[in-house]
Amino acid sequence: MRNTVKLTTAVLAAGALTFGLTACGSEDSSSAASSDTSGPLVVAASPVPHAEILNYVKDNLAKKAGLDLEVKEFTDYVTPNTATEDGSVGANYFQNQPYLDDFNKKNGTHIVPVVTVHLEPLGLYSNKVKSADALKSGATIAVPNDNVNEARALKLLDANGIITLKDGVGNDATPADIAKNPKKLEFKELEAAQTPRSLDDVDAAVVNGNYAIEADLSPAKDALVLESAKDNPYGNFLAVKEGDEDDPRVKKLAELLTSAEVKKFIEDKYEGSVIASF
């Protein structure tokens, strides 16, 4: 039986407050916690596909490798990093490099990647039209409201000729950086987890791969346009607090997450909606 722990939004909020208090307290206690490698490795993860992949490792590979693995599920994109920073968990698995860079810069955290495991292609979805070309003038598009994912969403629309961004726009693009908007699209900024739930209220929504799968959307089949995996900087990785990269438990997990068995699991279970990056 799995010992996965699911955390509600209320608990997440409490965790965020705890992080704030911890940051003001003794640094020695967090250092001591992160240096203890005798117990299970606790990994914070988004439910789909990250926790599913970790639970596959836990149920099928970890025991033979001598790894005691515990998975904690989080439904937001903040608490896994703050919990890793304060030592509440030993690692996390949910994010990509542009998001982590932005998070560390804004929050003063010290999270570093260990190994890239998979890509979840970002997609444009709609309950009202069957193709991007069918979007009407003035249509409303929901996009994630965090800096990195909003820029990523706009770059997806730009790559598919739906809008044109200004030259040189990077990972901080906003609707204000749109140079050409021939359909006069309106943009509704929502928390990333809310974008699939908005599909009945907007004309289309750009949805992160994990939230699409949770909402029973198939990125490979249902997306009007889908991010290309080629040269994509948004691969999701196992991450730890800086200094914990050499934890033997982390090294074991990194090896297992990039094994042939995990690659086959990803290919068989997600059928192109999640793509192994190793």
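Throughout, numbering of the chain's residues begins at 1 and tracks the sequence.
For the residue pair Thr84 and Lys241, the shortest heavy atom distance occurs at CG2-N, 3.6 Å. In terms of heavy-atom proximity, Val240 sits nearest to Ala91 at CG1-CB, 3.8 Å. Summarising the geometry of Asn147 relative to Lys106, their closest heavy-atom pair is ND2-NZ, 2.5 Å, with the distance given to 0.1 Å. Closest of all the heavy-atom pairs between Ala220 and Ser273 is N-OG, 3.5 Å. Shortest non-hydrogen contact noted between Ile162 and Ala132 is CD1-CB, 3.9 Å.
In terms of modelled atom types and a separation under 3.5 Å, the side chain of Ser126 and the main chain of Val129 share a donor-acceptor contact. With Asp102 contributing its side chain and Pro98 its backbone, the two residues share no donor-acceptor pair below 3.5 Å. Using a distance-only test at 3.5 Å, with no hydrogens or angles considered, no donor-acceptor pair links the side chain of Asn210 to the main chain of Pro49.
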Give the intermediate values and the outcome of side-chain hydrogen bond (donor to acceptor under 3.5 Å, both in side chains) for residues Tyr270 and Glu52. CA-CA 11 Å; Tyr270 301 110; Glu52 291 180 343; 2.5 Å; yes
Test log, rule side-chain hydrogen bond (donor to acceptor under 3.5 Å, both in side chains), inputs Ser198 and Asp201: CA-CA 5 Å; Ser198 73; Asp201 303 317; over 6 Å; no
Walk me through it: do Thr195 and Val202 pass the test side-chain contact (heavy atoms from CB on, under 4.5 Å)? CA-CA 10 Å; Thr195 53; Val202 298; over 6 Å; no
side-chain contact (heavy atoms from CB on, under 4.5 Å) assessment of Leu67 paired with Leu253: CA-CA 8 Å; Leu67 175 64; Leu253 180 57; 4.0 Å; yes
Check against side-chain hydrogen bond (donor to acceptor under 3.5 Å, both in side chains), Asp86 and Ser88: CA-CA 6 Å; Asp86 71 19; Ser88 300; 2.6 Å; yes
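Heavy atoms from other residues, nucleotides or ligands lying under 6.0 Å from NZ of Lys136 number 12 at most. Counting heavy atoms of neighbouring residues, nucleotides and ligands inside a 6.0 Å radius, atom NZ of Lys183 exceeds 12 of them. Within 6.0 Å of CG in Asp268 there are more than 12 heavy atoms belonging to other residues, nucleotides or ligands.
Leu156 and Tyr125 are assigned to two separate hydrophobic clusters, defined by single-linkage of ILVMFWY side chains at heavy-atom distances under 4.5 Å. Using a 4.5 Å cut-off between side-chain heavy atoms of Ile, Leu, Val, Met, Phe, Trp and Tyr, with links allowed through other members, Phe237 and Phe103 fall into different hydrophobic clusters. The same ILVMFWY cluster, assembled from side-chain heavy atoms under 4.5 Å apart, contains both Val114 and Val117. Note on Leu119 and Val206: separate hydrophobic clusters, where clusters join Ile, Leu, Val, Met, Phe, Trp and Tyr whose side-chain heavy atoms are under 4.5 Å apart, directly or indirectly. Hydrophobic clustering (ILVMFWY, side-chain heavy atoms < 4.5 Å, transitive): Ile275 and Leu122 are in distinct clusters.
Here Ile53 contributes atom CD1 and Lys263 contributes atom NZ; the two are 13.5 Å apart, rounded to the nearest 0.5 Å.
You'll find the ring centres of Tyr93 and His118 inside the 6.0 Å limit.
Under the ring-ring contact (aromatic ring centres under 6.0 Å, His included) criterion, Tyr211 pairs with Tyr77, sequence neighbours left out. Every side chain to side chain donor-acceptor pair (under 3.5 Å) that Asn104 has, sequence neighbours left out, goes to Thr109.
The side chain to side chain contact (heavy atoms under 4.5 Å, CB included) test with Lys72 is passed by exactly one of Leu54, Asn92, Val89: Val89.
A donor-acceptor pair shorter than 3.5 Å can be found between the side chains of Asp101 and Gln97.
For the salt bridge (charged side-chain N to carboxylate O under 4.0 Å, His left out) condition, the pairs that include at least one residue of residues 212-227, sequence neighbours left out, are Arg152-Glu227.
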